[in-house]
Amino acid sequence: MFPLKPRRLLRLQLLAVVPLIGCAHDVSQSTLHPAGPAAAEIAWLWWIMLGAFTGVFILVLALLCGAVFRGPARVATTPDGEPRRGSEPPLGSTGFIVAGGIVLPIVILTPLFLFSLRTSASLRQPPEALSIRVVGHMWWWEVRYPEQGIVTANEIHIPVGQPVRLELASADVIHSFWVPRLGGKRDMIPGIENEFWIQADEPGVYRGQCGEYCGTQHANMAFHVVALDPAEFESWLAARTEQRAEPEMLERGRGFQIFMSAGCGECHALGATRAKGSVGPDLTHFGSRRTIGAAMLSNSRGNLAGWIADPQAIKPGIRMPRTYLPADDLLTLAAFLEEQE
Ligand code: CUA
């Protein structure tokens, strides 16, 4: 027996719908609000499938209602009330079985199959200019612009109106790269280099999310794609390629000394300074990033100080340990990192 009573089950189903209603107004990660050509193709296929299957659902319900309300077939009986031999109700006509069980599925599934083939073909990678390398880590995203020598994290800046080629890899377990409004989903598999592409037609900030369960903080492995007008994108690139401050100058400051003595440089790199760690995100232009902890917190000095002091309280299980610093040093360190634009 099914352990849930029907009414209880219905209540649970209604409860499950409530969070979905909540999703409706925030479209920053909605597949149904495509903002690029590949995502538009996928959304189009989704609507066609929804339409076809809604039709099938209604048809099945109609047949079910017909069967329920038609009532039992009359059976001729003998004077004793026994059914007369040869008068049992027919199990169903052959024509109905052939039409409903063979012809109808072929008529419905063949066009859907052809549509999905067409969608797959249109998702093929176009020739492109810009290449970006994205490496999945538990639980953040390393982002590299190999030709420009830029390294960043959890934020991918792209120019609008052109396809961007992505090289996808993983540093540990299987992750999956997914920006629902800009394209499909592609796995990041250890030891395998995958290729993918996205395109944004409008400037904006598009949220991405790891699409493959990869451990306790999988749900908090998010990122943003920032699509900029080509000119703005060029100036973004230029601002990152030019050397902001001489490494010697940076290293002489109090902030950098705290950074090193607290051990941050063991895991994080910082521009051309002697901080060269590669376990955690590169912090070279950290101050210009929108978020902390792979899109968990907005990037403010207060949030950053809290994060440095006890990242395990915010995102349990990550590799960054607590940092025991006097309050003054903690605030100086947070201010120093916020200055690294
Ligand atoms: Cu990475 Cu889920």
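In each ligand, atom 1 is the first atom listed, and ligand 1 is the first ligand listed. The basis for the numbers below is simple: all heavy atoms, side chains too, and nothing from hydrogens, waters or symmetry mates.
For atom 1 (Cu) of ligand 1, protein N/O/S neighbours under 2.8 Å (waters excluded) are His175 ND1, Cys210 SG, Cys214 SG, Met221 SD.
Checked for salt-bridge contact, Glu193 and Arg133 meet the test: a charged N lies under 4.0 Å from a carboxylate O.
Residues passing the salt bridge (Lys or Arg N to Asp or Glu O under 4.0 Å) test with Arg144, sequence neighbours excluded: Glu142. Under the ring-ring contact (aromatic ring centres under 6.0 Å, His included) criterion, Tyr213 pairs with His218, sequence neighbours left out.
Judged by distance alone, the side chain of Gln148 and the main-chain N or O of Leu237 form no donor-acceptor pair under 3.5 Å.
Residue Trp44 qualifies as open at atom CH2: its count of foreign heavy atoms under 6.0 Å is 12 or below.
The other residues sharing a hydrophobic cluster with Ile102 are Ile106, where clustering joins ILVMFWY side chains under 4.5 Å apart.
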